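What you see is a predicted model; the values in this text were computed from it and never measured. Along the sequence shown, residues carry numbers from 1. All ligand and atom numbering here is 1-based and tracks the order in the structure.
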Amino acid sequence: MNFTDYKSVSVITYKNTPCIQIKNANAEALLSLFGGHLLSFTPTSVNENILWLSEEAIFDEKTAIRGGVPICWPWFANLRSGDDIPAHGFVRSQAWQLIAIEEKSDAAEITETTLTLQPETLSLYNTSAHLTVRLVVTISKDCKISLISSNTGNTPISITQALHSYFNVKDITTAQIDGVTSNYYDKVVDTHGNTPSLPYKFESETDRIHVAEVDTSTNSQTVTIRSHNNFDINIGQSGHDSIIVWNPYIDKSKSMKDMADNGYETMLCIEAGNTEGTIVDAHSSVEISQWFSAKTR
Ligand SMILES: O=P(O)(O)OC[C@H]1O[C@@H](O)[C@H](O)[C@@H](O)[C@@H]1O
């Protein structure tokens, strides 16, 4: 691709990793080509990165990056136990290619930049050769991420997946989320059918797969993170069957080599997922999306 044709896009190296930097009138963002992984999103309105990136994240182009928005595809969590198949699929630890850029502008400046990417390698771990995926990332006042899975074959293919977004919070012990009230599977204690206590706060390790609560008029779910002094983080998602809420808290944070001991204090994952599985019909596509922005108070 000829990047010089696009004023809001440049190729840079960040921590030895090839990245795309986006700067337009509404936001700045950094996306790693390793993993097709958005690392930061800084809306001009608040001038703060609303995504969390671990200080100890490993940038070796082999290890999945801790923070930002990892792409979990074509499976979420563990496909099966007892072998060395990676958790959360294989594309978060693959090189991706940028295949298209689109810019929108008003009279004077570029206001929206859209990147389309695809992994360089597919069909690993016995995944069907008919299954492909594209990632579309739009940077404007909101950041929107869509993952589009397509089946070029004649038989349906089942996948699980997630947009595993890590958000910045000021302090997890006082942070609150609104918009997640449904029953959940608690991965910490392995129990189903739990009901969250509201307001939704964080006092210990939290690893929950909630049933999606989709507003039928918009076909989407809205979640708000209340933690920052002058703005909230608004999150929307669609095409999901689950919303995953994860914070490792003290002990797990200490045990993770790519997270500082106190890393859990300033992060919160709100993930759009298809953990039950979604069927990509023959010659069809499915799309899961998440979008987020900072809403000043
Ligand atoms: O360490 P990973 O593979 O990036 O996963 C991080 C977390 O991802 C979450 O989605 C899972 O619910 C957690 O169980 C998991 O610990």
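- Relative ring orientation between F41 and F292 is described as perpendicular, the plane-to-plane angle rising above 60° on a 0-90° scale split at 30° and 60°.
- Against a heavy-atom cut-off of under 4.0 Å, E271 is close to the following atoms of ligand 1: 9 (C), 10 (O).
- Closest approach of D142 to S293, counting heavy atoms only: OD1-CB, 3.6 Å.
- At a 4.0 Å cut-off, at least one heavy atom of R92 sits close enough to ligand 1 to count as contact.
- With respect to atom 13 (C) of ligand 1, the closest heavy atom belonging to the protein is D207 OD2, 3.1 Å.
- The shortest N or O to N or O distance between H88 and ligand 1 is under 3.5 Å.
- At the top of the distance list for atom 2 (P) of ligand 1, counting protein heavy atoms only, stands R66 NH1, 3.6 Å.
- Below 30°, between 30° and 60°, or above 60°: for F90 and Y125 the angle between ring planes is between 30° and 60°, a tilted geometry.
- Between F202 and Y200, the angle of the ring planes lies from 30° to 60°, which puts this pair in the tilted group.
- Between F59 and Y14, the distance from one ring center to the other falls under 6.0 angstrom.
- Residue contact check: F76 has heavy atoms under 4.0 Å from atoms 10 (O) of ligand 1.
- When hydrogens are left out, the protein atom nearest atom 8 (O) of ligand 1 is H164 NE2, 2.7 Å; that is the closest non-hydrogen contact.
- A heavy-atom distance below 4.5 Å is not found between the side chains of F76 and Q161.
- Among protein heavy atoms, the minimum distance from atom 16 (O) of ligand 1 is reached at K252 NZ, 3.1 Å.
- Ranking the protein heavy atoms by distance from atom 6 (C) of ligand 1 puts W246 CH2, 3.6 Å first.
- Taking the six-membered ring for Trp and thresholds of 30 and 60 degrees, W52 and Y166 have nearly parallel ring planes, at less than 30 degrees apart.
- Contact annotation: for M256 versus ligand 1, there are no heavy atoms closer than 4.0 Å.
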